[in-house]
There are 2 protein chains.
Amino acid sequence: MSTIGKALTLLDTISRLEKEAGLSDIARHCGLDKATTRRFLVELEKHGFVEQDPETRRYRLGGAPVRLARIRETRFPYLSVATPFARELASLAGETVHLSEYAAGRLSTVHVEDSQRAHRVIVDVGSILPFHATASGLGFLAFCPPKDIDAVLSAPLEAFTDQTLTDPAILRQTLSETLRRGYSICHHGLETGVVSVAAPIRAPGSTPVGAIAVAAPATRAEKETVEQMGRAAMTAARRISERLFGLEQVAADPLARRAG
Amino acid sequence: MSTIGKALTLLDTISRLEKEAGLSDIARHCGLDKATTRRFLVELEKHGFVEQDPETRRYRLGGAPVRLARIRETRFPYLSVATPFARELASLAGETVHLSEYAAGRLSTVHVEDSQRAHRVIVDVGSILPFHATASGLGFLAFCPPKDIDAVLSAPLEAFTDQTLTDPAILRQTLSETLRRGYSICHHGLETGVVSVAAPIRAPGSTPVGAIAVAAPATRAEKETVEQMGRAAMTAARRISERLFGLEQVAADPLARRAG
DNA sequence: TCTTTCGGTTCAATATATGAACCTTAGCTT
DNA sequence: AAGCTAAGGTTCATATATTGAACCGAAAGA
């Protein structure tokens, strides 16, 4: 792997640590030499991607990504467009809603609207959503071209619970159901006791860019409730997609839709 | 410079381009060889820091920084804490307000609340604020330790307008006034016709982490108005700082402030 | 006190990055 | 339509940056 790749992997590792970590800790997590780790950290720090606490000497995520994220957001306002719909969906469903975005071959959680209930599903911002074991992943993948599906299903599929689907044939069937239905359903895929539904956010006829999902405790997931949540997620996803891609088309080609 | 440094500089360059750019364009902007540029872009793309448009083959900022930024924001909620105060300040002052964060030796704009007026100052999210030529920069620097001030003032200082202060002696005086006053004032430092005021966001007795600034057209910047805006910015900065660092102390040491 | 582990550094060995030259395609000029 | 230019992308010998075992001093545990 190239040096850049290693450094960015290190950054990713840091982002996944619960809290600030020391040099040796980070080196161990990344499987890198301490000297190498240090040089990477120093370089990343120079550019603001990590920070070192001057007292504890531990390292944490820096401020540079914030600037980049804000720039991206002004050009492709995924969060600012989707968040209000996520909030609406959360209050409608009374359950935790999360938004994910596809980047670097992975689907990662970029926003969470917590349910107001005491008993609710907790989703961490920044967590990676496996394609085969989450509603978001299935809802996303179902609308991808066959080669992407093949790529995911031909890799080893981890069983996170004893009910995680790992058989490619069954998953293919689940995906085609999802495609037909318009939203995905996932029972206990990543964590036992959680049922979730999701729908992809996408330009018409194009690969999805992310997904919106509702996650509920299984005790509140009657068949009919799940269907309601699924349809609501699908509607939210469609409205977000229209706002993101419909308007962009207007901006790019004003004649396409006058007075839209 | 290390390969990592070069790659991150390239990423920074891309973030600064107005719009998506082609390979040769990017190579020229970075002063790198086309082959090198390409390898960097491929590597950055693998990790989601840049995206390539499959049609135009142009490159743009990717989604990975969004995930990192959200993680950082959950650990250090700078934007979510500061934004409401910025909005309040913007409506109070009736002028554009912007928030900046210090990272990688630079102060960069991470949020903007636009003034409602037709005639207003425009600030771009992601723009870099020079320390000597903006209210944010001066307000930040004034509260930094002397060695940081020396470092900035000993480097060449660009004159962005014919009124930009570039004389280190005068700047030192401006900084000490700012320190005494609690907020900075900058007349036509970066752009002619703009007057701005700013105050640093900081833990007590510690180096600032950013600044909040109000920017107004010079035609609306009477001496008294400027003072009012300055005091308002200072108040906003103080309240943001308390929320950020006051609460953190409580969390770290619950006995320090019971029933806060 | 002794031991271990920490953050951080050094330098010879070596793996990696580099860029001139190249290819192919797309658009423009003549 | 041929000819030209510049685009994106690739190759491979060369040059350079990366690597990691061994090292240091400090600090935390035993």
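Residue numbers start from 1 in every chain, and the chains themselves are labelled A, B, ... in the order their sequence lines are given, proteins ahead of strands.
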Next item on the list: May I ask you to say what A:Glu43 touches in the nucleic acid, namely base, sugar-phosphate or nothing, with a heavy-atom cut-off under 4.0 Å?
Entry: nothing

Distance, rounded to the nearest Å, where [X] contributes [atom1] and [N] contributes [atom2]:
X: A:Arg39; N: C:dT10; atom1: CZ; atom2: P; result: 12 Å
X: A:Arg57; N: C:dC6; atom1: CZ; atom2: P; result: 14 Å
X: B:Glu45; N: D:dG9; atom1: CD; atom2: C1'; result: 13 Å
X: B:Glu20; N: D:dG8; atom1: CD; atom2: C1'; result: 16 Å
X: B:Phe40; N: C:dT16; atom1: CZ; atom2: C1'; result: 11 Å
X: A:Leu41; N: C:dG8; atom1: CG; atom2: C1'; result: 12 Å
X: A:Asp33; N: C:dA12; atom1: CG; atom2: C1'; result: 15 Å
X: A:Arg58; N: C:dG8; atom1: CZ; atom2: C1'; result: 16 Å

Next item on the list: Would you please test A:Tyr78 and A:His111 for ring-ring contact (aromatic ring centres under 6.0 Å, His included) and show each step?
Entry: CA-CA 10 Å; A:Tyr78 186 60; A:His111 186 78; over 10 Å; no

Notebook entry, point to check: Do the charged groups of B:Arg106 and B:Asp12 touch, with an N to O distance under 4.0 Å?
Noted result: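 Result for this pair is yes, salt bridge flagged.
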
Notebook entry, point to check: Are the charged groups of A:Arg172 and A:Asp150 less than 4.0 angstrom apart, N to O?
Noted result: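 A:Asp150 and A:Arg172: salt-bridged.
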
Notebook entry, point to check: Is any side-chain N or O of B:Lys34 under 3.5 Å from a base N or O of D:dG8, one able to act as donor and the other as acceptor?
Noted result: yes

Item checked: Per A:Gln52 side chain, nearest of listed nucleotides C:dG7, C:dA17, C:dT18 -> C:dG7

Check: Does B:Glu45 CD have over 12 foreign heavy atoms under 6.0 Å away?
Finding: yes

Notebook entry, point to check: Does A:Leu32 or B:Val42 map to a spot on DNA chain D nearer the 5' end, using the closest nucleotide for each?
Noted result: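 With A:Leu32 and B:Val42 compared, the 5'-side residue is B:Val42.
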
Compare side-chain N and O positions of [X] against OP1 and OP2 of [N] and report whether any pair is under 4.0 Å apart.
X: A:Thr3; N: C:dA17; answer: yes
X: A:Lys6; N: D:dT19; answer: yes
X: B:Tyr59; N: D:dA7; answer: no
X: B:Arg38; N: D:dG9; answer: yes
X: B:Ser24; N: D:dG8; answer: yes

Note to self: Both B:Ala35 and A:Ala21 contact DNA chain C. Taking the nearest nucleotide for each, which residue is further toward the 5' end?
What the structure shows: A:Ala21

Notebook entry, point to check: For DNA chain C, whose closest nucleotide is more 5', that of A:Ile4 or that of A:Asp25?
Noted result: A:Asp25

Check: Within the side chain of A:Arg67, is there an N or O that forms a donor-acceptor pair under 3.5 Å with the backbone of B:Gly126?
Finding: yes

